[in-house]
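Keep in mind that this is a model prediction, so the values were computed, not measured. When a residue number appears, it is its place in the shown sequence, counting from 1.
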Amino acid sequence: MASSLLLGACDAPKVAQENPGQQSGFIESAAQLGVVYNHDAGLAGAYRMPESIGAGLAVFDHDGDGDLDIYLVNGGARETAQSNAPVNRLFSQQTNGQFVDRTVESGLGDGGYGMGTALGDLDNDGDLDLFVSNYGADVLYRNDGSGRFTDISEAAGISAPGWSTSACFLDADLDGWLDLYVTRYVDDGPGRSCTDSAGRAEYCGPNTYRGLQDLLWRNLGDGRFESAGAASGMDRAPGKGLGVVSADFSGDGWPDIFVANDGEKNHMWVNNGEGFFEDQALLMGVAYNAFGKPEASMGIALGDLDGNLGLDLYVTHLVRETNTLYTSVGNGMQDSTGRNSAGADSMPYTGFGTVFLDADQDGDLDLAVANGRVTRAETSSPVQNSSVDEAFVIDYGEKNLFYLNEGDGRLVNACASAGDFCKAALVSRGLARGDLDGDGDIDLVISNANGPARLYRNDLPGQGAWLGIRAIDPLLGRDAIGATIEIQLGKRRIMRPVESCMPLPTEVYSVLVSRTRCVT
């Protein structure tokens with residue numbers, strides 16, 4: 001896809017954030033900045049599987065004022081309080097950097113049992129529209145401008161029963177209109193009862209239920225979508241999808257789709273350019289890990305980690321499995337986890353959200369991982385008089401992980417210098433990146449299952465100036481989703497993809513601004 005680049009100057013930061021003599025790293029600032037929010041998983045003692053999977057989020061400019069806002073996806077009401085069902089919340093950033101709840105004014109207060117989001121300009125009018133995946137009916141919002149959204153799900157024909165998780169906008173047929181891919185998880189009805197090794201009630205695993213077929217919605221260009229799953233061949237391979245990203249993995253100019261399936265073979269849907277997709281995950285080396293085993297694939301980070309101008313994938317997994325790094329090689333990928341400490345380090349954790357980001361502005365991609373168990377820790381024990389909410393965090397909370405890139409794709413655990421990011425043990429799920437304070441470095445936002453949202457302001461020591469880039473398709477007037485940006489830095493070249501996929505519950509961030517280092 002053709003694109004034009006609007007290059008920001010290498011200026012001084014818009015807002016000074018340096019604090020000489022004070023704490024550095026990622027500084028937790030949610031409450032200080034007005035993002036006061038607690039996700040409600042609807043805990044009622046029945047151990048319903050959706051309680052352990054949500055919640056997602058999005059970071060994007062909802063009102064076109066040039067700064068990034070935060071959209072947080074909520075869960076389900078407790079059985080005793082259905083009349084006070086929780087809704088998704090939008091926090092709009094003001095000119096002073098504070099966030100204000102604008103849920104009602106925006107029209108984005110969906111009350112479904114939320115899972116994830118996807119962002120894309122579905123009508124080519126220059127602003128971002130929003131899709132929300134739910135445990136139940138999904139919702140598609142059209143951005144009407146100035147921060148107002150309209151629910152067009154019914155008119156658009158976006159309707160399917162079941163449990164949707166991740167979603168992704170992409171132009172699958174290159175007709176100029178963004179299509180929508182939705183991963184779905186399992187059919188968990190009728191509900192079943194599961195226990196842990198001590199005989200205590202526990203969340204069931206995905207092997208308890210059958211997987212669902214993913215959905216491909218083709219954009220007709222007039223506000224309506226039609227199902228293209230059968231015509232594309234995708235309905236032939238049900239899965240248990242939790243994460244999805246789209247890029248031209250095969251190098252033929254057509255967007256492909258990688259799906260992370262929980263406990264089953266991953267999918268790599270290769271686009272033949274004629275409306276049909278073939279699953280080539282095994283051929284391209286991403287179906288299983290290096291030992292030929294499926295893993296509990298959940299979150300996905302996409303980017304050029306090793307600087308060879310090829311796209312790599314980092315996929316998070318369950319405790320006692322390593323998170324897996326697939327690096328590009330030739331026309332496929334290989335499992336390079338054994339060459340990197342970010343694999344072995346992850347074995348005690350259950351990873352969900354994960355993103356590549358240039359945290360220290362040195363031109364290479366670093367890694368952040370949001371962790372939180374789905375099965376009770378073997379060492380956990382009930383605390384006397386603890387509430388249901390407190391017990392949930394005790395049983396399933398974990399600390400996050402952060403790594404710095406050595407420059408050649410080798411990741412080194414940098415939690416010691418990551419400030420607050422690796423300190424709290426919460427049930428972390430969604431992880432978003434974006435320069436929220438406009439100072440040129442990448443901040444992080446985490447949504448926690450049945451817990452508070454966290455905003456981590458990046459105060460890591462930077463190593464260079466910054467460059468903001470927005471890639472615009474000159475023919476369509478919208479973000480050039482699917483394009484890649486390459487920048488020459490002396491003898492070095494840097495590549496970044498322009499993405500739209502928002503894997504649940506993983507990286508959900510603004511497609512409007514990419515950050516990298518520039519040489520002055």
Handout entry: Worked verdict on N323 versus V315 for side chain to side chain contact (heavy atoms under 4.5 Å, CB included)
Key = CA-CA 6 Å; N323 293 344; V315 184; over 6 Å; no
Problem - side chain to side chain contact (heavy atoms under 4.5 Å, CB included) between F421 and I446, intermediate numbers included - result: CA-CA 10 Å; F421 185 76; I446 286 184; 3.5 Å; yes
Problem - Intermediate values then yes/no, side chain to side chain contact (heavy atoms under 4.5 Å, CB included), H39 and L72 - result: CA-CA 8 Å; H39 174 264; L72 296 160; over 6 Å; no
Exercise for the section: Run the numbers on R376 and D395 for salt bridge (charged side-chain N to carboxylate O under 4.0 Å, His left out), then give the verdict. Expected result: CA-CA 5 Å; R376 188 179 288 107; D395 286 344; 3.2 Å; yes
Handout entry: Derivation and outcome, side chain to side chain contact (heavy atoms under 4.5 Å, CB included), residues V73 and L57
Key = CA-CA 5 Å; V73 176; L57 73 162; 5.6 Å; no
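At least one side-chain heavy atom of D69 sits under 4.5 Å from a side-chain heavy atom of D61. The shortest side-chain heavy-atom distance between W177 and N124 falls under the 4.5 Å cut-off. Using a 4.5 Å cut-off on side-chain heavy atoms (C-beta onward), D121 and D479 make no contact. Within the 4.5 Å cutoff, no side-chain heavy atoms of S297 are placed close to those of N261. Between N88 and T103 the shortest side-chain heavy-atom distance does not fall below 4.5 Å. Within the 4.5 Å cutoff, the side chain of V139 has heavy atoms near those of the N134 side chain. You'll find the side chain of D188 reaches within 4.5 Å of the side chain of P50, heavy atoms only. Taking 4.5 Å as the limit, every side-chain heavy atom of N448 sits out of range of all side-chain heavy atoms of V427.
In terms of modelled atom types and a separation under 3.5 Å, the side chain of D443 and the main chain of D435 share no donor-acceptor contact. Under the 3.5 Å distance criterion, the side-chain polar atoms of D171 are matched with a main-chain donor or acceptor of G176. No side-chain donor-acceptor contact under 3.5 Å links T354 to the backbone of G299. In this structure a side-chain-to-backbone donor-acceptor pair under 3.5 Å is missing from Y135 to E51. Under the 3.5 Å distance criterion, the side-chain polar atoms of S166 are left unmatched by any main-chain donor or acceptor of T183. Under a 3.5 Å cut-off, the side chain of D40 and the backbone N or O of P86 do not form any donor-acceptor pair. In terms of modelled atom types and a separation under 3.5 Å, the side chain of E398 and the main chain of G351 share no donor-acceptor contact. Remark: the backbone N or O of G397 is paired with a side-chain donor or acceptor of R373 at under 3.5 angstrom. Judged purely by atom type and a 3.5 angstrom limit, E390 has no side-chain atom pairing as donor or acceptor with the backbone of V388. Using modelled atom types, no side-chain atom of T350 and backbone atom of G372 make a donor-acceptor pair closer than 3.5 Å.
The aromatic ring centres of F91 and Y71 sit 6.0 Å or more apart. Taking the six-membered ring for Trp, Y181 and F169 have ring centres at least 6.0 Å apart.
Atom-to-atom distance recorded for I485:CD1 and I469:CD1 is 4.5 Å, nearest 0.5 angstrom. The CG atom of L318 sits 8.5 Å away from the CZ atom of F352 when rounded to the nearest 0.5 Å. Annotation: the span from I53 atom CD1 to W163 atom CH2 amounts to 5.0 Å, rounded to 0.5 Å. Taking CG from N450 and CG from N38, the interatomic distance works out to 8.0 Å, rounded to the nearest 0.5 Å. With values rounded to the nearest 0.5 angstrom, D358 atom CG is found 5.5 Å from D360 atom CG. R478 CZ to D125 CG: the interatomic distance, rounded to the nearest 0.5 Å, is 11.0 Å.
Applying the side chain to side chain donor-acceptor pair (under 3.5 Å) test to Y37 and every residue at least two apart in sequence or in another chain returns nothing. For N371, there are no side chain to side chain donor-acceptor pair (under 3.5 Å) partners two or more places apart in sequence or in a different chain. Residues satisfying the salt bridge (Lys or Arg N to Asp or Glu O under 4.0 Å) criterion with E154, sequence neighbours excluded, are absent altogether. Partners of A137 under the side chain to side chain contact (heavy atoms under 4.5 Å, CB included) rule, at least two apart in sequence or in another chain, do not exist in this structure. Under the salt bridge (Lys or Arg N to Asp or Glu O under 4.0 Å) criterion, D101 pairs with R89, sequence neighbours left out. Partners of S29 by side chain to side chain donor-acceptor pair (under 3.5 Å), not counting sequence neighbours: none found. In terms of the ring pair (Phe, Tyr, Trp, His ring centres under 6.0 Å) criterion, F131 has no residue partners (sequence neighbours excluded). Take L220 and apply the side chain to side chain contact (heavy atoms under 4.5 Å, CB included) test, not counting sequence neighbours, and it matches R218, D222, R224, E226. Take R102 and apply the salt bridge (Lys or Arg N to Asp or Glu O under 4.0 Å) test, not counting sequence neighbours, and it matches E105. Shown here are the salt bridge (Lys or Arg N to Asp or Glu O under 4.0 Å) partners of D151, two or more places apart in sequence or in another chain: there are none. Annotation: side chain to side chain donor-acceptor pair (under 3.5 Å) contacts of Y185 (sequence neighbours excluded): D262.
H62 and F60 have perpendicular rings, their planes meeting at more than 60° on a 0 to 90° scale where under 30° would count as parallel.
Of all non-hydrogen atoms in N405 and L305, the two that sit nearest each other are ND2-O, 3.0 Å. When every heavy atom of W217 is checked against every heavy atom of G157, the shortest pair comes out as CZ3-O, 3.4 Å. Contact between P348 and D345 at its shortest, heavy atoms only, is CD-O, 3.2 Å. Residue V393 comes nearest to A425 through the heavy atom pair CG1-O, 3.5 Å, listed as atom of the first residue, atom of the second, then distance. The two residues A156 and L140 have their closest heavy-atom pair at CB-CD2, 3.8 Å. Here the shortest heavy-atom pairing between G54 and A449 reads O-CB, 3.3 Å.
Checked options D420, D437, D439; the residue passing with R457 is D437 (criterion: side chain to side chain contact (heavy atoms under 4.5 Å, CB included)).
Sorted by first then second residue, the disulfide (SG to SG under 2.5 Å) pairs that include residues 417-454, not counting sequence neighbours, are C415-C422.
Side chain to side chain, S146 and D63 fail the donor-acceptor criterion of an N or O pair below 3.5 Å.
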